[in-house]
Participant: 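Can you keep this structure in mind? I'll have questions shortly.
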Amino acid sequence: MSLFEIKHVKKTFNDLEVLHDISVSVDKGEVVGIIGPSGSGKSTLLRCATMLETMDSGELSYLGEKAAWNDESGRAVYASKQDLRRIKSHYGLVFQSFNLFPHYSVMKNLCDAPICVQGRERGEVEQEALALLKKMGLEGKEDAYPQQLSGGQQQRVAIARALNMNPDILFFDEPTSALDPELTGEILKVIRQLADEDMTMVIVTHEMAFARDVADRVIFMDGGYIVEEGLPEDVISNPKEERTRQFLSRFSENG
Amino acid sequence: MQSITMFDVISQIASGFGTTLLIFFATLIFSMPLGILMALGRMSKSTILSSVIKAIISILRGTPLMLQLIVVFYGPYYLFGVKLPTGWRIGATLIGFSINYAAYFAEIFRAGIQSIPVGQTEAASVLGYTKGQTFSKIIFPQMVKRVIPPVTNEVITLVKDTSLAFVLAVQEMFTYAKQVSASMSSLMPLFVAGVFYYVFNLLVSFIMNRLEKRLSYYD
């Protein structure tokens, strides 16, 4: 059984079909990198997976629990609010623009949802939060507000916030795209560390070298289709498809 | 022979100050929550609800408050033939002020809510917050901070607008000032009332400034 599975997703924005019948499944402990040019649908796929967008049609499930399926007319229907709330606790999402809550301290950013949404005990949640902050190299920052931190620190807080919900799978939507190249490294280091701990992750990224290093599998998307999928050394180093070669050549030219 | 002293003038005018304060605080207490509800209705996905609220706001902002006060006061009689006791004056005043100010606050709150980046709602959604929790814990506190400057403007205007209650012969400060001024054939009582309004507004500005500073803890 796959930990995460999305099947035959179709998504249209104003007559423009951005996802054409995409299917992806991820097993426990797997790290999947999704690469592709802007507008290829990779972010939309992630947003459908995390239910920030509703699919026009398709199936979505976490740990075998169905979040959405097609009705007889072939349109996606979603599970009840209560079921969705429970299913949401299986995954976390790290945004490109962090989206930390600016009026909450770092500690409250990490602890509020576990306490108020998951109903976990404050003491235990806070202890886990402190351990996570330490792991992220953010010791002593628990009382700071997001605005007082650098972009790289904010993104590490965002990762810690997602992890403090104890998700089974973590999605990253271009986690380093809003950061200075100098700060990119610290985020990649954190993600690599999570991969070493067998965290299940799906990472949309433009960092090809990173995708090759850290991913167990790479998906190349273009124009709303999965063009190529496979081991990173195959897809990134020896792409079969012409379109993949074209896309990757721009990265090698730029160094 | 001058029988009215300055002290008499001030104490006469001050005797209406309680009613002025009542109109001021009651309007704030009723219009702010009503404004939030109207803002939410205005942003509702239901086009019927949002267009109805939009039309109401447009009328309340587009016609004089004085006219609205008169309509609220006489409406029950002319429309339904209901005779209400004299005490209805203050009731009509508070209702008129509250719905009028709610319309202004609704637009301020709507702009404030819409200025919060959509990423905040998305982050809350992924973390499993309900819509109600997202509004009360994430959106509302950030909105409050952003709307303090325009709300301060409205509150200052409200202090001065309370004087419009004189049109329903409510015994508030301005009504007294006008009476005393007429009986003395002097502008002095009006200046005294002006000083009352001005000092009141200095206090309002001071308090709103303090509030703004307190809410800037996360800048």
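Chain identifiers are assigned alphabetically (A, B, ...) following the order of the sequence lines, protein sequences preceding nucleic acid strands; residue numbering begins at 1 within each chain.
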Participant: Checking A:K81 against B:T130: is there a side-chain donor and acceptor pair closer than 3.5 Å?
Facilitator: no
Participant: If I take atom NZ from residue A:K88 and atom OG from residue B:S125, how far apart are they, to the nearest 0.5 angstrom?
Facilitator: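 Atom-to-atom, A:K88:NZ and B:S125:OG are 3.5 Å apart.
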Participant: For A:L52 and B:V126: C-alpha separation, side-chain torsions, deciding distance, then whether side chain to side chain contact (heavy atoms under 4.5 Å, CB included) applies.
Facilitator: CA-CA 8 Å; A:L52 290 174; B:V126 173; 4.0 Å; yes
Participant: Given 3.5 Å as the limit, does a donor-acceptor pair link the side chain of B:Y217 with the main chain of A:H103, or not?
Facilitator: yes
Participant: Tell me if the CG atom of B:L79 is crowded by more than 12 foreign heavy atoms within 6.0 Å.
Facilitator: yes
Participant: Between A:R86 and chain B, which part of the residue has a heavy atom less than 4.5 Å away: side chain, backbone, both or neither?
Facilitator: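 Neither; nothing under 4.5 Å.
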Participant: Do other residues, nucleotides or ligands put more than 12 heavy atoms under 6.0 Å from the CZ atom of B:F17?
Facilitator: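 Result for CZ/B:F17: enclosed.
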Participant: Should we say atom CD of A:Q193 is surrounded by more than 12 heavy atoms from elsewhere, each under 6.0 Å from it?
Facilitator: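 Buried by this count: over 12 neighbours within 6.0 Å.
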Participant: Hey, which of A:C116, A:A144, A:A162 has the most heavy atom pairs under 4.5 Å with chain B?
Facilitator: A:C116
Participant: Counting heavy atoms not belonging to A:F13, are there more than 12 under 6.0 Å from its CZ?
Facilitator: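 It does: A:F13 CZ has more than 12 such atoms within range.
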Participant: How long is the gap from CG on A:D112 to NZ on B:K137, to the nearest 0.5 Å?
Facilitator: 4.0 Å
Participant: So which atom in A:A113 and which in B:L127 form the shortest heavy-atom distance, rounded to 0.1 Å?
Facilitator: CB-CB, 4.0 Å
Participant: What part of A:F95 gets within 4.5 angstrom of chain B, counting heavy atoms only: side chain, backbone, both, or neither?
Facilitator: side chain
Participant: In terms of heavy-atom contacts, does CD of A:Q82 have more than 12 from other residues, nucleotides or ligands at under 6.0 Å?
Facilitator: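 Count not over threshold, so no.
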Participant: With a 4.5 angstrom heavy-atom cut-off, is it the side chain or the backbone of A:Y104 that approaches chain B, or both, or neither?
Facilitator: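 Just the side chain, heavy atoms under 4.5 Å.
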Participant: Hey, is NZ on B:K145 packed in by over 12 heavy atoms from elsewhere, all under 6.0 Å?
Facilitator: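 Enclosed.
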Participant: Between atom CZ of A:F101 and atom OH of B:Y129, what is the distance when rounded to the nearest 0.5 Å?
Facilitator: 5.0 Å
Participant: Need one label for A:L100: side chain, backbone, both or neither, based on atoms under 4.5 Å from any heavy atom in chain B.
Facilitator: backbone
Participant: For the residue pair B:Q120 and A:P102, what are the closest heavy atoms and their distance?
Facilitator: OE1-CD, 3.4 Å
Participant: In terms of heavy-atom proximity below 4.5 Å to chain B, should A:L93 be classed as side chain, backbone, both, or neither?
Facilitator: both
